[in-house]
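Keep in mind the model is a prediction, meaning the values are calculated, not measured.
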Amino acid sequence: MNREMDLGFLLQALIPSWNSVAVLLIFLAYLAIAGSILPGKLVPGVTLQDGSRLYYRCNGLRALLLLVGLLGIGSKMNFVSPTVISDRGLELLSTTFIFSFLTMVVLYAAGCRSRSKGSSLKPHITGNLIHDWWYGVQLNPQFMGIDLKFFFVRAGMMGWLIINLSVLAKSVQDGSLSQSMILYQLFCAFYILDYFVHEEYMTSTWDIIAERLGFMLVFGDLVWIPFTFSIQGWWLLNNKVELTTAAAIANCFVFLIGYLVFRGANKQKHIFKQNPKALIWGKPPKVIGGKLLASGYWGIARHSNYLGDLLLALSFSLPCGLSSPIPYFYPIYLFILLVWRERRDEARCAEKYKDIWAEYCRLVPWRIFPYLY
């Protein structure tokens, strides 16, 4: 009977409400407006196959700080509850999923009807409906001048922080705030803020320059990132964890090492693409075939940024202790995803760079984990 009641409560909580629709649409409308009017560095994207380039206004940090400030003021003036998201987590999840699905219906239909010959909007249709739906048919579809791929990943990262802050407010309200919750919140907040400080680096990532905008990215950005990356916070709301001082310090070291590797590797790659002669760790870069960087972190492993990302994911879960596998869903999932993505990256690079890639693999034999994989 309890199981039936729990299942019934879960299904009831998943039913979208007009309030959850309003929260999502107001959030997305704010991002569209703020992204269009706030000042920010205009960063050129990589040159596409047809010679064109997109330009990205990197004002995400300003938009995020303004949003948090407005929510704080609204909370103080009782215009909005700081726990509005944590109180409606499941219905917001289902609402966002439905929105992602409907968005992909529109993107797929618009992409199939496109007659554009440019790299950004030229449709790539294989005839396999599932494949085209999942991976998308256009590289950089736009809506009212907004690059949707860049917009959705920004929405996902900001959504993750807003969810976390609402969970934090809920834990304070319930009197359950713990050292573990504080560590988790600090690590995630630093990571997200740092992401927006270096938002321009996103313009040279594989997702932006090579992946078409399909359900994989739409769902991944709008649903997967904010709602699964915050599982640890939700779990800590209902589970008390007492960390030893040694465990807390070790957790901080895992986060620090992960951050240094992740940020350092991405920064080196971005700078190399901007200036192939820029020094790496104080020395001229070693470049294979004039194209592939084999210095710094990229001389240690071919996907060293993935190693940093995995350590960071682990550091977000370690504050939850070892009593349950649930808080470790994110690092486990990320490990599987990145190994799968690394295999796809390697296949594409081998096809694109041929002998140059083979030489790079001989020089840097490790894929992600030095001396292990």
Side-chain angles (χ1 to χ4, degrees), residues 27-68 100 103-104 106-107 110-111 114 116 118-122 124 135-162 191-214 216-222 224-226 262-276 278 293 305 309 341 345:
F27 171 64
L28 294 176
Y30 165 82
L31 289 187
I33 295 169
S36 299
I37 66 175
L38 289 177
K41 182 179 180 181
L42 200 61
V43 177
V46 299
T47 303
L48 302 177
Q49 286 185 352
D50 62 358
S52 65
R53 302 182 82 169
L54 298 177
Y55 288 82
Y56 301 91
R57 188 177 300 279
C58 294
N59 55 9
L61 182 62
R62 288 187 174 93
L64 177 58
L65 294 178
L66 178 59
L67 176 60
V68 172
S100 301
T103 297
M104 195 53 225
V106 175
L107 286 175
S114 174
S116 174
S119 295
S120 291
L121 300 177
K122 181 181 178 180
H124 296 263
Y135 290 109
V137 295
Q138 290 180 303
L139 184 64
N140 296 106
Q142 297 188 357
F143 176 73
M144 297 179 65
I146 298 172
D147 183 274
L148 292 178
K149 192 189 295 181
F150 196 67
F151 176 80
F152 286 151
V153 71
R154 175 181 284 186
M157 293 298 291
M158 288 193 191
W160 178 15
L161 181 62
I162 299 304
Y191 176 81
I192 295 167
L193 289 172
D194 178 78
Y195 169 89
F196 284 107
V197 168
H198 300 96
E199 189 177 29
E200 66 178 274
Y201 295 171
M202 184 66 191
T203 63
S204 60
T205 60
W206 190 262
D207 281 357
I208 293 294
I209 66 177
E211 294 281 18
R212 294 187 292 277
L213 186 60
M216 179 180 71
L217 288 186
V218 175
F219 173 81
D221 289 338
L222 295 182
W224 199 259
I225 288 177
F262 174 77
R263 178 52 62 214
N266 283 328
K267 185 176 182 179
Q268 286 176 355
K269 179 178 69 173
H270 183 78
I271 291 175
F272 174 72
K273 288 185 177 182
Q274 300 294 319
N275 177 15
L293 177 64
N305 55 330
D309 215 357
R341 175 168 286 188
D345 290 351

*Out of curiosity, Thr103 OG1 to Phe219 CZ, how far, rounded to the nearest 0.5 Å?*
13.0 Å

_Nearest-0.5 Å distance, NZ of residue Lys122 to CG of residue Asn140_ = 14.5 Å

*asked:* Checking Tyr191 now: which residues fulfil ring-ring contact (aromatic ring centres under 6.0 Å, His included) with it, not counting sequence neighbours?
replied: Trp160, Phe262, Phe316

_Verdict with reasoning, Ile208 to Tyr56, per side-chain contact (heavy atoms from CB on, under 4.5 Å)_ = CA-CA 11 Å; Ile208 293 294; Tyr56 301 91; 3.5 Å; yes

_With salt bridge (Lys or Arg N to Asp or Glu O under 4.0 Å) as the rule and sequence neighbours excluded, what pairs involving residues 135-155 come up?_
Arg154-Glu199

*Taking only residues two or more places apart in sequence, or in another chain, which ones meet Ser116 in a side chain to side chain contact (heavy atoms under 4.5 Å, CB included)?*
Ser114, Leu121

*Got Asp207 and Arg341 here, is their nearest side-chain heavy-atom distance under 4.5 Å?*
yes

What donor-acceptor contacts under 3.5 angstrom involve side-chain atoms of residues 27-40, with partners at least two apart or in another chain?
residue	atom	partner	partner atom	Å
Tyr30	OH	Ala63	O	2.6
Tyr30	OH	Leu67	N	3.1
Ser36	OG	Ala32	O	2.8

*Is any side-chain heavy atom of Ile225 closer than 4.5 Å to a side-chain heavy atom of Phe152?*
no

*Nearest 0.5 Å, what's the CE-CG distance between Met104 and Leu217?*
9.5 Å

*Atom NE2 in His124, atom CD in Gln138: separation rounded to 0.5 Å?*
8.5 Å

*Can you name the residues that form a ring-ring contact (aromatic ring centres under 6.0 Å, His included) with Tyr135, not counting sequence neighbours?*
His131

*asked:* Please evaluate residues Leu64 and Ile192 with respect to the criterion side-chain contact (heavy atoms from CB on, under 4.5 Å), reporting the C-alpha separation (whole Å), side-chain torsions for both, the decisive distance (0.1 Å), and the verdict.
replied: CA-CA 10 Å; Leu64 177 58; Ile192 295 167; 4.3 Å; yes

*Distance from Phe150 atom CZ to Leu54 atom CG, nearest 0.5 Å?*
11.0 Å

_Residue pairs fulfilling salt bridge (Lys or Arg N to Asp or Glu O under 4.0 Å) with at least one residue in residues 32-49, sequence neighbours excluded_ = Lys41-Glu200

_Nearest 0.5 angstrom please: Leu139 CG to Glu211 CD, how far?_
9.5 Å

*Test log, rule side-chain contact (heavy atoms from CB on, under 4.5 Å), inputs Asn266 and Lys269*: CA-CA 5 Å; Asn266 283 328; Lys269 179 178 69 173; 4.3 Å; yes

